[in-house]
Amino acid sequence: MRSLLMHSPIVVALGWIIAFLFFTILPLFVLLIYSPPAGRGFWLDFSVALGFIGLALMALQFALTARINRIEASYGIDLILSFHRYTSFVAFVMVLVHPLILFWAQPNTIELLNFPVAPLRAQLAVLATLAFMTMIVTTIWRKPLKIPYEPWRLSHSILSVLAVGLGLGHALGVGNYLGLFWKSVLWSAIALVAIWLIVYIRLVKPWLMTKKPFLVEEVKPERGDVWTLALRPVGHDGFRFQPGQFAWITLNITPFSMREHPFSLSSSGEHPERLEFGIKAVGDFTSRIRDYQPGTKAYLDGPYGVFTTDRYEDAAGFVLIAGGIGITPMMSMLVTAAERGDDRPYTLIYGNKTWDGITYREAIEELKTRLDLTIIHVLREPPEDWEGETGYVDKELLDRYIPKRRGTRHYFTCASPKMMDQVERALHELNVPVTNVHLEHYNLA
């Protein structure tokens, strides 16, 4: 019984949450070891507590973005990155409120903003706050500011290192609240962990990737302005993946660069010797996929993701709901199921604009001969002789096609954010158990 609990996904996920909360408030635990100076007042102590927690949250962001397999396998990268964005904003608010309360409680401390004559610890705090503020602004308004993804990613990494490094310098420079020994041990440990994560992400992991290169085997056009990028391993066996997972791809450059992009695998999980990715030409990088020639060197970081039917072997069947290029992970699930001889029922509800733009249309139809597969195409602009579903995948349409016993199936949705929100809300209103609904988002940037 104990072994089953230790391997339960819910127990593991809960354990990581508890660990995150523990390390967030760890700096406050140290206050129990060395009491703060007396007579400083509640608001001053509260201000310092916010600063401690905010700085710890900032340092923990390196762990959230390090693509640590054990953590990612509990939640999925899209959920982890969403959590990263929200907790980063919370940390920023705490870091910002920390000096504001200090200035209110002790108005004379506002003189610390006089940068040229301020002590070093105050200068470090100002610089850390500015770096953090710049990072937040350029992240939230990256698209309105028209900052390309790759330069933004590089600047984001630099600013995050500066914000945490300068913040740690400020914490070490403040002489109150913590004894010298415990203060140095705590913040030095945090700094070392953050430095190791940076070294691992930027140096160790890319070095490991160079040991397992891939070559482009084929670039094949598909319907819907989508291209299938096929890669084969060189000097190794590739990697095993679960259908529906994705990997980060670096093409024609060293993996030590910042130019990598996440794409879902569209091929069978039974064939690691040939990995296929469905890529829609919508941006600068994706529009150049067609230009890569066979023999181009590639590197992969993966597989990642919990959006996979393999996690639900006891399910009676599956309902796959896709929109546009969201068919890519579904295609991997269906092809893998066909190769394995899966006899469970699959229902594919696939929304597109036009009939001619349905990616993998012929391949999906052929799978009906190998699987218990029901296909429902939903077109926004159908041809004149179209007799199928039209419009959008809404509650009424789903009610017609999903099983009456809602909890007997697992539901996988990958589409545009608007469609995913609509489908998620509809499934909830149709009494589908929330534990049976699984979502995969397009954009991880």
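Quick caveat, the model's predicted, so the values are computed rather than measured.
Under the 4.5 Å side-chain criterion, counting only non-hydrogen atoms from C-beta, Lys297 is in contact with Leu215. Between Tyr411 and Val432, the closest side-chain pair of non-hydrogen atoms falls below 4.5 Å. With contacts defined as side-chain heavy-atom distances shorter than 4.5 Å, the pair Asp356/Arg223 qualifies. A heavy-atom distance below 4.5 Å is not found between the side chains of Phe318 and Arg409. Counting heavy atoms from C-beta outward, Pro303 and Phe239 have side chains that approach closer than 4.5 Å. Inter-residue side-chain proximity for Ile53 and Met94 is flagged as met; some heavy-atom pair is nearer than 4.5 Å. Between Phe277 and Ile249 there is a side-chain heavy-atom pair separated by less than 4.5 Å. In this structure the side chain of Lys404 reaches within 4.5 angstrom of the side chain of Asp399, judged on heavy atoms.
Between atom CD1 of residue Ile364 and atom CG of residue Leu371 there is a gap of 11.5 Å, rounded to the nearest 0.5 Å. One distance of note links NZ of Lys353 with CD1 of Ile358; it measures 13.5 Å at 0.5 Å rounding.
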Would Phe92 and Phe132 count as a ring-ring contact (aromatic ring centres under 6.0 Å, His included) if you check the C-alpha gap in whole Å, the side-chain angles of each, and the deciding distance to 0.1 Å? CA-CA 7 Å; Phe92 175 69; Phe132 204 176; 5.3 Å; yes

Thr228 and Ile279: CA distance, side-chain angles, deciding distance, side-chain contact (heavy atoms from CB on, under 4.5 Å) verdict: CA-CA 6 Å; Thr228 289; Ile279 302 174; over 6 Å; no

If you apply the rule salt bridge (charged side-chain N to carboxylate O under 4.0 Å, His left out), what do you find for Asp225 with Arg290, and how did you get there? CA-CA 10 Å; Asp225 202 18; Arg290 69 188 71 184; 3.5 Å; yes

side-chain contact (heavy atoms from CB on, under 4.5 Å), that's the test. Do His410 and Val437 meet it? Break it down for me. CA-CA 6 Å; His410 277 262; Val437 178; over 6 Å; no

Do Leu166 and Val126 pass the side-chain contact (heavy atoms from CB on, under 4.5 Å) test, and can you show the C-alpha distance, the side-chain angles, and the key distance before you say yes or no? CA-CA 9 Å; Leu166 293 168; Val126 170; over 6 Å; no

Pair Met419-Ile321, side-chain contact (heavy atoms from CB on, under 4.5 Å): steps then yes or no: CA-CA 10 Å; Met419 178 176 171; Ile321 306 168; 4.0 Å; yes

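Across all their heavy atoms, Ala91 and Leu57 have their closest contact at CB-CB, 3.6 Å. Contact between Thr359 and Gly224 at its shortest, heavy atoms only, is OG1-CA, 4.0 Å. Contact between Gly317 and Arg344 at its shortest, heavy atoms only, is CA-CB, 4.3 Å. Between Thr129 and Leu96 the shortest heavy-atom distance is CG2-CD1, 4.0 Å. Minimum interatomic distance between Asn436 and Arg406 (heavy atoms only, all atoms of both residues): ND2-O, 4.5 Å. Between Ala322 and Ala415 the shortest heavy-atom distance is C-CB, 4.5 Å.
Ring-centre distance between Phe246 and Phe263: not below the 6.0 Å cut-off.
Put simply, the side chain of Glu217 never gets that close to the backbone of Leu231: no donor and acceptor are under 3.5 Å apart. When atom types are taken as modelled, the side chain of Thr139 and the backbone of Met135 share a donor-acceptor pair closer than 3.5 angstrom. With Tyr350 contributing its side chain and Gly324 its backbone, the two residues share a donor-acceptor pair below 3.5 Å. Between the side chain of Thr354 and the backbone N or O of Gly357, at least one donor-acceptor pair lies under 3.5 Å.
Between Glu222 and Arg361 no salt bridge is recorded (no basic side-chain N to carboxylate O distance below 4.0 Å). Between Glu389 and Arg400 there is a salt bridge, with a side-chain nitrogen of the basic residue lying less than 4.0 Å from a carboxylate oxygen of the acidic one. The pair Arg232-Glu276 does not count as a salt bridge, with every side-chain nitrogen at least 4.0 angstrom from each carboxylate oxygen. Contact check on Asp301 versus Lys205 returns a salt bridge, with a Lys/Arg side-chain nitrogen under 4.0 Å from an Asp/Glu carboxylate oxygen.
Aromatic ring pairs are classed by plane angle as parallel below 30°, tilted from 30° to 60° and perpendicular above 60°; the pair Trp196 and Tyr200 is tilted.
For the side-chain hydrogen bond (donor to acceptor under 3.5 Å, both in side chains) condition, the pairs that include at least one residue of residues 312-336, sequence neighbours left out, are Tyr312-His438. Every pair passing salt bridge (charged side-chain N to carboxylate O under 4.0 Å, His left out) that includes a residue from residues 423-434 is listed here, sequence neighbours excluded: Lys395-Glu429.
When the side chain to side chain contact (heavy atoms under 4.5 Å, CB included) test is applied to Ile147, the partners found at least two apart in sequence or on another chain are Thr138, Arg142, Leu145, Trp152. Taking Arg380 as the reference, nothing meets the side chain to side chain donor-acceptor pair (under 3.5 Å) condition, with sequence neighbours excluded. With sequence neighbours left out, the salt bridge (charged side-chain N to carboxylate O under 4.0 Å, His left out) criterion links Arg340 to Glu270, Asp310. Partners of Pro233 under the side chain to side chain contact (heavy atoms under 4.5 Å, CB included) rule, at least two apart in sequence or in another chain, are Phe214, His236.
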